[in-house]
Visitor: 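First the structure, which I've put down as structure tokens, then a few questions once you've had a look.
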Amino acid sequence: MTATVASHRKPRQHPLAALTGGSRSARTARTAATLALAGAATATGFDGTGQAAPQLTPAQVTERVHALYQEAEVATQSYDGAKEAADTAREELSRLQDEAARRTTELNAARSELGTMAASQYRSGGVDPTVRLLLSADPQRYLDGAAVLERAGSHQATAVAGYARRLGSVRQVQRRAEDTAHRLAETEAALKKHRVTIVHKLGAAEQLLNRLTAEQRQRMAGRSGVHGAGERRADRGTGRGDGLPDGARTGAGAAAAAAQAPDSRAARAVAFAYAALGKPYVWGATGPSAYDCSGLTQAAWRSGGVSLPRTTYTQISSGPRIDRSRLAPGDLVFFYSGISHVGIYIGDGKMIHAPHPGAPVRIAPIDQMPFAAATRPA
């Protein structure tokens, strides 16, 4: 009966079946659907959002590329912080493992001493009750009974109490090592996440730049300092092609800036920054052959005898804040509301900084980016 009823039902029509008819209204609907599907098939976005990609002007490309580089810089600072934390955790874990091994050796020596003591007492007619504690299957009894045994004043009690303390110490170090290993695993996972974000943002920027002709890219680089990741700088000896002012690489320029520095440490940091001009930007790099922005400032001030933290977020607290009108060579200048970029001020409204991949360490006006704050390391 069910089959008979089903045979009289009107066949279910596919949602697009009506568009295949021959009527004028069907043809109109079919045309609209075809255009809609075609538009959906070609839609794309810079970050895979599915939005239709318009034909961008060079100025629009420049703006979007700058935004992607800034987003990559935010991820880079997070990466730098996570890497520093991972390195610290890795060193701590190694130290704890060494300490655990050393204390275990001491524990085994103490146990051996107690074993020798027990054997001697057995040969002489019995085992002291304090030593029997050692032979228990429950090590917690050592810890619970140690105080009582120590008060008993016997040599055996003192030895057992010492063993109990060593046992507790080993276990404490082992727990700390386990916690550190867990923290290291979490930090390494964060590193991987930030690395993926950075690669994605920089890849999107390069794809945008590839829409431009070589001539457009050169004009854009001359106006804003944007370079593709595959480009190489021309004539490092003179600075031609990198947007630097004449004489920026000369010793006279570095000496003049250093002379205006507030102290010898800042002067050495400025001299270091000048010596780094032309070196490539590599995210996560701290020198000596390549730098990211905070890696350059950290290395420069290290040459002046000052240890800065690794990221822009922490470097901004490395000294007193300086008003923009009181900037002096060597001061750290920070940009964007999220404090994601940093450079070294060299005077005359300029800084030396590591901008982004494809744009090596260079001199630039501090007005080139949204100024956020300045710090004088101390």
Side-chain angles (χ1 to χ4, degrees), residues 75-118 130-131 133-150 155-198 282-288 290-292 294-295 297-299 301-302 305-318 377:
T76 296
Q77 293 305 309
S78 297
Y79 173 89
D80 290 344
K83 185 176 185 301
E84 184 178 44
D87 291 343
T88 300
R90 200 173 289 110
E91 291 175 3
E92 181 182 357
L93 179 60
S94 177
R95 182 184 61 79
L96 288 171
Q97 288 171 335
D98 290 343
E99 184 179 352
R102 177 178 59 79
R103 295 194 182 192
T104 299
T105 299
E106 295 173 353
L107 180 68
N108 290 337
R111 184 183 181 92
S112 177
E113 180 184 353
L114 286 172
T116 301
M117 187 184 303
T130 60
V131 178
L133 184 60
L134 169 67
L135 306 179
S136 170
D138 182 8
Q140 186 61 41
R141 291 190 59 196
Y142 299 136
L143 303 177
D144 295 339
V148 175
L149 293 172
E150 221 167 3
H155 175 66
Q156 293 93 334
T158 302
V160 170
Y163 178 86
R165 284 193 297 272
R166 287 188 174 91
L167 177 64
S169 176
V170 168
R171 288 183 167 178
Q172 183 182 39
V173 172
Q174 288 174 337
R175 284 194 295 270
R176 287 166 56 195
E178 290 171 359
D179 292 343
T180 301
H182 179 69
R183 187 171 76 249
L184 176 59
E186 290 181 335
T187 306
E188 288 179 334
L191 270 177
K192 182 178 180 181
K193 176 183 176 182
H194 297 316
R195 186 183 296 112
V196 168
T197 300
I198 294 166
V282 175
W283 55 269
T286 57
Y291 300 93
D292 64 16
S294 56
T297 52
Q298 184 186 51
W301 270 94
R302 186 187 300 119
V306 177
S307 179
L308 293 183
R310 179 64 183 92
T311 68
T312 55
Y313 314 126
T314 49
Q315 286 183 6
I316 196 170
S317 300
S318 61

Visitor: Taking only residues two or more places apart in sequence, or in another chain, which ones meet Thr197 in a side chain to side chain contact (heavy atoms under 4.5 Å, CB included)?
Guide: Ala75, Lys201
Visitor: Tell me, which pairs form a ring-ring contact (aromatic ring centres under 6.0 Å, His included) where one or both residues lie in residues 84-113, sequence neighbours left out?
Guide: none
Visitor: Got a sec, which residues hit side chain to side chain donor-acceptor pair (under 3.5 Å) with Thr76, two or more places apart in sequence or on another chain?
Guide: none
Visitor: Going by the rule salt bridge (charged side-chain N to carboxylate O under 4.0 Å, His left out), which residues pair with Arg102 if we only count those two or more places apart in sequence or in a different chain?
Guide: Glu106
Visitor: Please enumerate all residues that pass side chain to side chain donor-acceptor pair (under 3.5 Å) together with Arg310, with sequence neighbours excluded.
Guide: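 Partners of Arg310 under the side chain to side chain donor-acceptor pair (under 3.5 Å) test: Asp80, Asp292, Ser294.
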Visitor: Using residues 86-101 as the side-chain source, report each donor-acceptor pair under 3.5 Å to any protein atom, sequence neighbours left out, with the distance given to one decimal.
Guide:
{"residue": "Asp87", "atom": "OD1", "partner": "Arg90", "partner atom": "NH1", "Å": "3.0"}
{"residue": "Asp87", "atom": "OD2", "partner": "Lys83", "partner atom": "NZ", "Å": "3.3"}
{"residue": "Thr88", "atom": "OG1", "partner": "Glu84", "partner atom": "O", "Å": "3.0"}
{"residue": "Arg90", "atom": "NH2", "partner": "Glu188", "partner atom": "OE2", "Å": "2.9"}
{"residue": "Glu92", "atom": "OE1", "partner": "Arg183", "partner atom": "NH2", "Å": "2.7"}
{"residue": "Arg95", "atom": "NH1", "partner": "Glu99", "partner atom": "OE1", "Å": "3.4"}
{"residue": "Glu99", "atom": "OE2", "partner": "Arg103", "partner atom": "NE", "Å": "3.1"}
{"residue": "Glu99", "atom": "OE2", "partner": "Arg103", "partner atom": "NH2", "Å": "2.6"}

Visitor: Using 0.5 Å steps for rounding, measure from the OG1 atom of Thr297 to the CZ atom of Arg302.
Guide: 10.0 Å
Visitor: For the backbone of Leu308 and the side chain of Gln298, can you confirm whether one donor and one acceptor N or O come within less than 3.5 Å of each other?
Guide: yes
Visitor: Among residues at least two apart in sequence or on other chains, which ones pass ring pair (Phe, Tyr, Trp, His ring centres under 6.0 Å) with Tyr291?
Guide: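 Result, ring pair (Phe, Tyr, Trp, His ring centres under 6.0 Å) vs Tyr291: none returned.
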Visitor: Quick one: side chain to side chain donor-acceptor pair (under 3.5 Å) partners of Glu186, sequence neighbours excluded?
Guide: His182
Visitor: Could you pull out all residues at least two apart from Thr104 that satisfy side chain to side chain contact (heavy atoms under 4.5 Å, CB included)?
Guide: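 Scan of Thr104 (side chain to side chain contact (heavy atoms under 4.5 Å, CB included), adjacent residues dropped) gives Asn108, Val170.
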Visitor: Name all residues meeting the side chain to side chain donor-acceptor pair (under 3.5 Å) criterion together with Thr105; count only those two or more places apart in sequence or in a different chain, and write none if there are none.
Guide: none
Visitor: Using ring pair (Phe, Tyr, Trp, His ring centres under 6.0 Å) as the criterion, list what pairs up with Trp283, not counting sequence neighbours.
Guide: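 With neighbours one apart ignored, the set is Tyr79.
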